[in-house]
Amino acid sequence: MTFSGWATIVLFAVILTALAMPLGSYMAKVYTGKRVFLSPLLGGPERALYAILRVDPKQQQDWKAYAKSLLFFSLAGWLLLYAILRTQNAFFVPHALNPLGYHPAPWNVTFNTVSSFVTNTNWQYYSGETTMSYLSQMIGLTVQNWLSAATGIVVAVALIRGIVGRSGKGLGNFWGDMVRTVLYLLGPISVIGALVLVSQGVIENFTTYLTAHTITGLTQTIAMGPVASQEVIKELGTNGGGFFNVNSAHPFENPTAFTNLFEMLLVLLIPASLVFAYGRMTGNRRQGIAIYTTMIVMFLGAVTVAYIAEAHGSPAQHAAGLHTHVISGSGGGNMEGKEQRFGIAGSALFDVVTTVTSCGAVNSAIESFTGIGGAVPFANLSASEVIFGGVGTGLYSILLYVLLAVFIGGLMVGRTPEWLGKKIEAREIKLAGLGILITPLAALFCTAMATASKGGRASISDLSVGPQGFSETFYAYLSQANNNGSAFAGYTGFIQPNAGNLGSHGVTFADLLGGFDMLFARFAPILFALAVAGSLAGKRVSPAGLGTMRTDNSTFVVLLIGVIVLVGALTFFPALLLGPIVQGLTGHLY
Amino acid sequence: MAVNATHERQAISLFQRDILKRALLDSLVKLDPRVQVRNPVMFVVEIGALITTLSCLLQAFGGKPLGAGAEPGWYTVTIAVWLWLTVIFANMAEAFAEGRGRAQADTLRNMRKETVATMRDGSMKAASALSRGDIVVVVAGELIPGDGSVIEGIATVDESAITGESAPVIRESGGDRSAVTGGTRVTSDRIVVEITQEPGKSFLDRMIALVEGAERRKTPNEIALNILLAALTLIFMIVVATLRPFGLFAGTSISETTLIALLVALIPTTIGALLSAIGIAGMDRLVRRNVLALSGRAVEASGDVDVLLLDKTGTITLGNRQASEFIPMPGVPESELAEAAQLASLADETPEGRSIVVLAKQYGIREHDMAQIHAEFVPFTAQTRMSGVNVDGQQLRKGAGDAIIGFVEAEGGQAPPELRAQLDRIGREGGTPLAVARDNQILGVVYLKDTIKEGMKERFDQLRAMGIKTVMVTGDNRLTAAKIAQESGVDDFLAEATPEAKLALIREQQQDGRLVAMTGDGTNDAPALAQADVGVAMNTGTQAAREAGNMVDLDSNPTKLIEIVEVGKQLLITRGALTTFSIANDIAKYFAILPAIFITTYATTAGGRGPLHVLNIMNLGTPQSAIVSAIIFNAIVIPLLIPLSLRGVRYRPIGASALLRRNLLIYGLGGIVAPFIGIKLIDLIVHNLLGG
């Protein structure tokens, strides 16, 4: 561990908080229809979009109408993306957009990929640079990076409206919310972010791949493409799908220590700001601060564990008698699978940032982490992406946990539980309970299917027997269920002998199981969250008194952390035992 | 009446022999799956018990245990036995709670002897055949055949059977003391009663059904909690079900018995077992405070009360205003005023009237006898708002200031300017002024003081700490009301309250989302009682009031509301605390059972211990003893917590955050730590003493 390592982590948390607070206020204004400083610039395009879409953003939708619009929109996006990916070498695609003439990936991999991008997961069985045409990357995948992110955000906004709503059943207008999200939030930040990335060396071109001759006399193909525009939304929208196979470890995606910090900030920016926006929209900023505290405490806890574990080095290094402490010329620790330009702290921090959120981008190899360091992403995923979480998804998920904590804690202060003045009754408990259970259940169920069946075991390499094989499988379905998208080594769903997909084939079992895992664990909780919003929307608000349990103080933060940890731990402890814990407990290499 | 004068019924001991016997029997009868299916958590345990029993039988006949593994026979048998015990313990908790209620009900049922009613026309009719509108005559020594209102006469009635209070109470026609309850005994005089109940739906019948729990329906919060428990059960079923393939992948096969043991240990059996007992016990605690809640929903709501409407008279003040001072007008000797006031009050049997006579005595005025002085009594009417006597051609009157001014002016006199000043002063000070006049002259004012009960300020402070706002309701004018409100420490007041104003106040508070509780006894309280979320009717009140409220206080003690609120809060806290405890327990159970299951997994030497054995942090004897100990702990914690769930977790008015911290520490942290100790101790016995 180094001072600069800890300083990076602390600095990161401080900058994040400093940026998220004003952005949260801005978002609260955007979603309550108030004027913001960008209104003069964007008001015209906004109205034009409403005219084209023929929607009236003022028309309130109840939860069912909101959900219907959302499902319809997502289904349309799914079909469109599937069509684009499957026709990437069709006659009507200009050569410049598929300069290498890549064939489409097979149906099963495409099913997985499309489901993955529509659900904001960005699980990738494929390698971008050997599978996708520029058209697929730009018009297909990048567009879904935007839209799936916006979809998550509007669900969170609708839930907040339900929680604070005092009149009627309306949760806002899905189309209006989507337009505003894209125009006022994702758009401006992406433009600025992409320019910053380009200035640091991230590429943005349609050039065909370059061939370089190395000093050892070998030739190397250097992949090109419109990277920066996808990179920025990949982080900002907590998507995480790399343009290149090695994701943010690639120098064209993440060239410097500065871009590393910048990309991490982009990942957490919206999830963190939304929490403050929530506080603003409830009319009590402390509500937002309490949830933010919960998140940042758990986040910094995870970072600390990961950093200490990685800086300490792996059991194998110690067994071999290697130096793992900091010496001149070396940062020490476990550098296997990490980039020199990011170091231990930059890698550990990035890993935690992208696994607490549903981003899933990586700048180092998670499977090369030490046992305990590698257990951190598992633990983060086990907490069901509520520590910041995905854009929107994080907030609406943690709000369901808040509801649960309010119910149990509320009883303990001797009142039938109420949340921001609204009574929590059987219906809310049923919906929130199911909303919370879906993700862990999907993860466990799919892992069981995959470990118990021949079809599932086909995705594990022969080298990964025992706990490593289990970890890979478990992580794959846990990551897909949480719509995270990061991977724990080589869980295979796509066999690709050559770049360009000639002769490639998918592993149907893994592709379909993973695809359904993602779709189910994305849309079922969304429906439950919207139903909770609908159920709360019409409720009468009672004023808080001395006898009311507060949800904006430190006691509640402790209770909330307790509930999140307990639910995660109780659900996943047995599975974690057979994977990362066994691996962490033994010097034996699997 | 002291504020805390609650006649508390004896708590019926848990270990009274016949209750115990009946509870044991009931807990076996309740094993019927048709009963268990109503409680999803315990139903799962029962199914688990059935499957392990099957496994036992298989092993007994030389077969292999169900599923996989080769566990010793004693292990399967022990698990099966303790699973059954878990269900039985849960049933016992409920049976105990019901048993206590039933014991109360039996006492009541004894009163419901078949009586014959004498109708007004002299015919006889069986009491059970009486219906609404029948008119019966009851004389001293007879049981009142059914609930009703006295329409004629006055009598003393012994209501000890339902209230436990031995002193007879007065029941008379008209007014707020007209309601009589079937099964109580008239001890003097004769009354004519109009029956107001339908056959079989008397107060007594309802009371019996309530304390027995026959009409018990799940309350809204109980339903919500049950859903949460079902959800937790569901997730643990998936966790346990997926553990089999996970284990097989790691080369470890797990027997059906062990999987079921793990499942039962994880699902929230503690709260699942005690939930209905907690609800029944809440009702029972109210009954012991002589309050009958007509639904569990009302008990739950009482924990949520935000605003308490309290009648001033009888609740905050002693209610009988006492004359404390004679204030003569200029030129009138004090003794003249005292004598006139005394004469005007001679026939006045109200506490106020009597207190004037008593005060006059202190001024040396000897007592007069009405008959002796040939005085003609002029009674109080709502129209004149004054009373007095006509004696020796003089008209003596006392009454409200403006009524007396009106009287004097009608007689050709004029009110002295000092009068208004005195009336206002007394009003400001919270007293009631009575003006006294002789013909056309106003003699002076009698200062009636209302005394605030002792300890009210502390009670209101306590309520404030509970987050409950108190509102005093009084017919007094604003000045009087403000003065008393200030002295007693009540938060707010409603002066010059009419039944309509009271109803409007309740509606207004409810509109703002507050839950309102109130007490009442009069017929004109009925609409407000019905509107309030928690309406406590006094047992001495009218039948209309008793039917409008959702609780009846048999002691007719209006400050009882505070205790009712506490019982409601206790009920909810107990549910929350035991739920937290139940879930927190799971951590220790994982550390007992999972290392036991995976002790040999990934062992490097055949038959040796694998890496996961280090998680056996409790250092439990053998895998079997570890699992058995966890299951025994899981079962035994239920009977251990029965007393707590019947008694209820104590409520302290220390503010919600402090209370939450306290309960999280005790039941959350305690719930994590306790089973580590408990399981270890049980394992010491099972492993070391019994050699398991």
Side-chain angles (χ1 to χ4, degrees), chain A residues 404 407-418 421 424-426 428-430 433-434 436-437 440-441 444-445 447-449 451-452 466-467 469-470 473 540-543 545-550 553 555-556 558-559 562 566-567 569-575 577-578 581-582 585-586 588, chain B residues 220-221 223-224 227-228 231 234-235 238-239 241-243 245-250 266 300 303-304 306 464-469 512-515 568-570 572-573 575-577 579-580 583-584 586-587 590 594 598 601-602 604 611-612 614-615 651 655-657 659-661 663-664 667-668:
Chain A
L404 205 62
F407 184 77
I408 295 172
L411 284 176
M412 278 196 287
V413 303
R415 287 175 69 94
T416 57
E418 54 207 337
I424 309 286
E425 289 163 301
E428 290 79 49
I429 285 295
K430 193 188 324 177
L434 287 169
I436 289 173
L437 293 187
L441 290 190
L444 285 178
F445 179 77
T447 311
M449 295 274 285
T451 47
F470 184 78
T473 311
R540 214 168 57 176
V541 180
S542 19
L546 261 182
T548 323
M549 189 186 74
R550 299 182 60 156
N553 60 14
T555 311
F556 185 73
V558 172
L559 173 65
L566 215 56
V567 171
L570 293 180
T571 317
F572 289 117
F573 190 60
L577 211 57
L578 294 173
I581 296 179
V582 165
L585 283 174
T586 162
H588 186 78
Chain B
N221 176 261
I223 293 170
I227 288 174
L228 179 68
L234 179 72
I235 192 151
I238 302 279
V239 168
T242 53
L243 199 56
F246 293 176
L248 286 176
F249 188 84
L266 293 177
E300 219 169 77
D304 284 351
D306 300 296
R464 207 167 295 120
M466 288 160 77
I468 296 171
K469 183 180 157 189
D512 291 343
R514 295 191 176 87
L515 238 77
K569 287 194 178 294
Q570 264 192 326
L572 295 168
I573 294 176
R575 275 186 203 151
T579 305
T580 309
I583 300 169
D586 282 356
I587 296 177
Y590 262 149
L594 289 181
F598 296 116
T601 305
Y602 294 124
T604 38
L612 290 171
V614 301
L615 291 174
Y651 170 73
S657 294
L659 194 62
L660 179 61
R661 263 196 301 278
N663 287 330
L664 273 180
Y667 299 97

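Chain A is the first sequence line, chain B the second, and so forth, proteins listed ahead of strands; every chain is numbered from 1.
Minimum interatomic distance between Thr548(A) and Ala656(B) (heavy atoms only, all atoms of both residues): O-CB, 3.2 Å. Between Ser657(B) and Asn553(A), the closest heavy-atom pair is OG-ND2, 2.9 Å. Between Gly576(B) and Met412(A), the shortest heavy-atom distance links the atoms C-CG, 3.6 Å. Across all their heavy atoms, Leu578(A) and Ala250(B) have their closest contact at CD2-CB, 4.2 Å. Nearest heavy atoms, Val582(A) versus Pro611(B): CG1-CG, 4.0 Å.
By number of non-hydrogen pairs under 4.5 angstrom with chain B, the leading residue of Gly469(A), Ala569(A), Ala448(A) is Ala448(A). When each of Thr473(A), Ile436(A), Leu570(A) is checked for heavy-atom pairs under 4.5 Å with chain B, Leu570(A) comes out on top. With respect to chain B, the highest number of heavy-atom pairs below 4.5 Å among Arg550(A), Glu428(A), Lys430(A) belongs to Lys430(A). Interface summary for chain B: among Pro543(A), Ala452(A), Gly409(A), Gly410(A), the most heavy-atom pairs under 4.5 angstrom belong to Pro543(A). The greatest number of non-hydrogen atom pairs below 4.5 Å with chain A, out of Leu572(B), Ile238(B), Leu234(B), is found for Leu572(B). Chain B forms the most heavy-atom pairs under 4.5 Å with one residue out of Gly433(A), Pro574(A), Ala575(A), and that residue is Pro574(A). Residue with the most contacts toward chain B among Gly414(A), Gly547(A), Ser542(A): Gly414(A) (heavy-atom pairs, distance under 4.5 Å). For the set Tyr590(B), Tyr667(B), Phe598(B), the count of heavy-atom pairs under 4.5 angstrom toward chain A peaks at Tyr590(B). Counting heavy-atom pairs closer than 4.5 Å to chain A, the top residue among Leu243(B), Ile583(B), Thr579(B) is Ile583(B).
Ala241(B) does not touch chain A: none of its heavy atoms, backbone or side chain, sits under 4.5 Å away. Heavy atoms closer than 4.5 Å to chain A are found in the side chain of Val614(B), but not in its backbone. Within the 4.5 angstrom heavy-atom criterion, only side-chain atoms of Leu566(A), from C-beta onward, approach chain B. Of the atoms belonging to Phe246(B), heavy atoms from both backbone and side chain fall under 4.5 Å from chain A. Only the side chain of Phe407(A) comes within contact range of chain B, with at least one heavy atom under 4.5 Å from a heavy atom of that chain. Using a 4.5 Å cut-off between heavy atoms, Leu660(B) contacts chain A through both its backbone and its side chain. With a 4.5 angstrom heavy-atom cutoff, Thr571(A) touches chain B via backbone and side-chain atoms both. For Leu266(B), no part lies under 4.5 angstrom from a heavy atom of chain A. Proximity to chain A is absent for every atom of Ile468(B), based on heavy atoms less than 4.5 angstrom apart.
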Show, in sequence, the C-alpha distance, side-chain angles and deciding distance for Ile235(B) and Val567(A), and conclude whether the side-chain contact (heavy atoms from CB on, under 4.5 Å) test is met. CA-CA 10 Å; Ile235(B) 192 151; Val567(A) 171; 5.5 Å; no
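Checked against side-chain hydrogen bond (donor to acceptor under 3.5 Å, both in side chains), Asn663(B) has no partners two or more places apart in sequence or in another chain. Applying the salt bridge (charged side-chain N to carboxylate O under 4.0 Å, His left out) criterion to Arg661(B), with sequence neighbours excluded, gives no partner residue.
Ring planes of Phe249(B) and Phe470(A): tilted class, angle from 30 to 60°.
Taken from CG in Leu594(B) to CG in Leu577(A), the straight-line distance is 5.5 Å, to the nearest 0.5 Å. Expressed to the nearest 0.5 Å, how far CD of Glu418(A) lies from CG of Leu515(B) amounts to 9.0 Å. Between Arg415(A) atom CZ and Asp306(B) atom CG the span is 4.5 Å, to the nearest 0.5 Å. To the nearest 0.5 Å, atoms CE (Met449(A)) and OG1 (Thr242(B)) are separated by 12.5 Å. With rounding to the nearest 0.5 angstrom, the CD1 atom of Ile223(B) is 10.0 Å from the CD atom of Glu425(A).
Between Leu228(B) and Leu404(A), the closest side-chain pair of non-hydrogen atoms falls below 4.5 Å. In this structure the side chain of Thr580(B) reaches within 4.5 angstrom of the side chain of Ile408(A), judged on heavy atoms.
Crowding of Phe573(A) atom CZ: a count of heavy atoms from other residues, nucleotides or ligands under 6.0 Å exceeding 12.
A donor-acceptor pair shorter than 3.5 Å cannot be found between the side chains of Thr416(A) and Asn221(B).
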